[in-house]
Number of protein chains: 2
Amino acid sequence: MPTRQERADAVRNRAAILAAAADLFDRADATTVSVQEIARSAGVSKAAVFRHFGDRSGLIQHILEPRAAALRDAVTDGPPPLGPGAPPAAALTAYLDALLDFVYRNRVLIRAFEYLGPDAYYTNAASRFWIAELGRRLAAVDPHRDADYLAHAVFTALRADVLDYLHTVPGMTRPRIRTGLHTLATGAPPPDDRTPRRRARRTSAD
Amino acid sequence: MPTRQERADAVRNRAAILAAAADLFDRADATTVSVQEIARSAGVSKAAVFRHFGDRSGLIQHILEPRAAALRDAVTDGPPPLGPGAPPAAALTAYLDALLDFVYRNRVLIRAFEYLGPDAYYTNAASRFWIAELGRRLAAVDPHRDADYLAHAVFTALRADVLDYLHTVPGMTRPRIRTGLHTLATGAPPPDDRTPRRRARRTSAD
DNA sequence: CTAGGATACGAACCGACGGTTCGGATAGCA
DNA sequence: TGCTATCCGAACCGTCGGTTCGTATCCTAG
C-alpha cells in the first residue's frame with residue numbers, strides 16, 4: 001500500500017513554520033521566542049506547529065540539524081586537517097576552530113536548545129558525537145591526560161551561552177576566546193596565534 | 001520615627017518559607033519546584049512568598065547566601081592555604097577543592113539559580129567574586145596564561161549542571177572530576193592525587 | 001469530473017506557571 | 001481597649017507549552 005502523497009498545504013505550512021522559526025530564533029533572544037509567536041509569524045495556528053514537529057524541542061532540532069550535518073560531514077569525510085588523515089595536533093586545532101565557529105554562528109539557536117532542559121545540551125545525539133570526536137582527538141594528542149573528562153570540559157567551554165556571555169559581558173574578542181580554548185585543550189596556544197603575549201594581565205579597571 | 005517591631009506572624013512565616021524552600025530545593029530537581037509548592041509546603045499562601053522575597057530569584061538567593069558566606073569568609077579571612085598567605089600553588093589547589101565541594105553540596109540549589117536566566121549564573125555578585133578570586137590565584141601560579149579567560153572556563157566547568165551531568169550520565173566519580181579540574185587549571189594533577197595513572201584510557205564499551 | 005475518505009486545518013480549551021490585587025484579619029502600641 | 005500599620009490568603013491576570021475536536025481542504029479512485 002503506497003503512502004498517499006503529502007498534502008500541498010501541509011508541505012507549504014511546514015516550510016513556512018521552519019522559515020519563520022529560523023528567522024525569529026536567529027534574530028531574538030532564543031529563550032523569549034514562544035511557539036505562539038512562531039505560528040503567528042508563519043501565518044499558521046499554534047496547533048499546526050505542534051502537529052508538524054511534536055513539541056518545541058523537535059522544532060528547534062529540525063532547524064539545527066541541516067546546519068550541523070554540513071560540519072559533521074566535513075569532520076567524518078572531508079579533507080584534512082578537519083577530515084580524517086591529518087597529524088593529531090593539526091586535527092585537534094582544526095576541529096576546535098570548526099566547533100567554535102559553528103557554535104558562534106548558531107549561538108542563539110543553540111541557546112534555545114540548551115534551555116530546553118537540564119541535560120538536553122549534553123545528552124542529545126549530536127552533542128554526544130561532537131564530544132566523542134573531541135575525546136578521540138584529544139587522546140591522540142596526549143594520551144596521558146583524562147581525555148574523556150577534558151572533552152566534556154572543553155565542550156562545556158564551547159556552550160553557546162558561555163560564548164555569548166564571554167563576548168558580551170567581559171567583552172572578550174573571538175580570537176582571544178579561540179586562544180584560550182586551544183590553551184585549555186592542549187596547554188599551548190594554537191600555532192598560528194596572533195594575540196599578543198602578556199604577562200600578569202590585569203583585569204581592566206571597570 | 002522608629003520602625004515598628006516586625007509582626008510575629010511575618011517572622012514566623014518567613015522562616016517557614018525559607019525552611020520549606022531549602023528542603024524542597026535540596027530534595028527535588030531544582031527546576032521543577034514551583035513557588036506554589038513551596039508556599040503550600042510552608043503552610044502559607046503564594047502571595048506571602050512573593051511579598052517576603054520579591055520573586056523566585058530573590059527566594060533562591062536568600063537560601064544560598066548564608067551558605068556562600070561561610071566559604072567567602074574562609075577565603076578572605078581564614079587560615080591558609082584557603083585563606084590568604086599560602087604559596088600560589090597551594091592556594092589555588094585549596095581554592096579549587098573548596099569551590100568543587102561547595103558547588104557539589106549545593107548543586108540542586110545552584111542549578112535552580114543557573115536556570116533563572118541566561119546570564120544569571122555569571123553576572124550575580126557572588127559568582128563575580130568567585131571568578132575574580134579564581135583569576136587572581138591562577139595568575140599567581142602562571143602569569144603567562146590568560147588568567148581571565150581561564151578563570152571563566154574553569155568556573156564554567158564548575159557549573160552545577162555540568163557536575164551533575166558528569167556525575168550521573170557518564171558516571172564520573174568526584175575524585176576523577178577533581179583531578180580533571182586541577183589538570184584543567186594548572187596543567188597537572190593536584191599533588192595528593194590518588195587516581196590511577198592511565199595511558200590512552202578507552203571509553204568503556206557501553 | 002466527481003464522490004468520498006483521508007488528512008491537515010484553526011478555534012477553543014487545558015492545567016500550570018510566575019506574579020499582582022485587594023478586602024479583611026491580626027498583631028503591635030498607646 | 002481601641003486605633004492603625006502591617007500582613008494575610010483568595011481570587012485573579014496574562015502567558016506558556018501542549019491537546020481536543022468539529023470542519024474545510026486536498027488527494028485519488030472510479
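These numbers come from the heavy atoms of this one structure, side chains and all, not from hydrogens, waters or symmetry mates. Computed from a predicted structure; not experimentally measured. Sequence lines set the chain letters: A, B, ... in the order given, protein chains first and strands last, and positions in each chain run from 1.
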N or O in side chain of B/Asn13 less than 4.0 angstrom from D/dC8 OP1/OP2: yes
Contact under 4.0 Å: A/His52 side-chain N or O vs C/dA8 OP1/OP2: no
Partner residues of B/Asn13 under the side-chain hydrogen bond (donor to acceptor under 3.5 Å, both in side chains) criterion, sequence neighbours left out: none
Listed partners of A/Glu6 passing side-chain hydrogen bond (donor to acceptor under 3.5 Å, both in side chains), at least two apart: A/Arg14
Pairwise side-chain hydrogen bond (donor to acceptor under 3.5 Å, both in side chains) hits with a residue in residues 131-142 of chain B, at least two apart: B/Glu133-B/Arg136, B/Glu133-B/Arg137
side-chain hydrogen bond (donor to acceptor under 3.5 Å, both in side chains): pairs with one or both residues in residues 71-80 of chain B, sequence neighbours excluded: B/Glu65-B/Arg72
Return a table of donor-acceptor pairs under 3.5 angstrom between the side chains of residues 38-48 of chain A and protein atoms on other chains or two or more places apart.
unit_1: A/Ser45; atom_1: OG; unit_2: A/Ala47; atom_2: N; d: 3.4
unit_1: A/Ser45; atom_1: OG; unit_2: A/Ala48; atom_2: N; d: 3.3

Summary of protein contacts for nucleotides 15-20 of chain C, nucleotide by nucleotide, where a base hit scores B, a sugar-phosphate-only hit scores S (4.0 Å, heavy atoms): --SBBB
Upstream residue (5' side of DNA chain C) when A/Gly43 and B/Arg51 are each assigned their closest nucleotide: A/Gly43
Distance, rounded to the nearest Å, where B/Arg14 contributes CZ and D/dC8 contributes C1': 15 Å
Salt bridge (Lys or Arg N to Asp or Glu O under 4.0 Å) partners for B/Arg178, two or more places apart: B/Asp97, B/Asp192
Polar atom pairs (N or O), protein with nucleotides 25-27 of chain D, under 3.5 Å:
unit_1: D/dT25; atom_1: O2; unit_2: A/Arg7; atom_2: NH1; d: 2.8
unit_1: D/dT25; atom_1: O2; unit_2: A/Arg7; atom_2: NH2; d: 3.2
unit_1: D/dC27; atom_1: OP1; unit_2: A/Ala8; atom_2: N; d: 3.1
unit_1: D/dC27; atom_1: O2; unit_2: A/Arg4; atom_2: NH1; d: 3.1
unit_1: D/dC27; atom_1: O2; unit_2: A/Arg4; atom_2: NH2; d: 3.3

Lys/Arg N to Asp/Glu carboxylate O, B/Asp148 vs A/Arg176, below 4.0 Å: yes
Pairwise ring pair (Phe, Tyr, Trp, His ring centres under 6.0 Å) hits with a residue in residues 150-190 of chain B, at least two apart: A/Tyr122-B/Tyr165, A/His152-B/Tyr165, A/Tyr165-B/His152, B/Tyr104-B/His167, B/Tyr121-B/Phe155
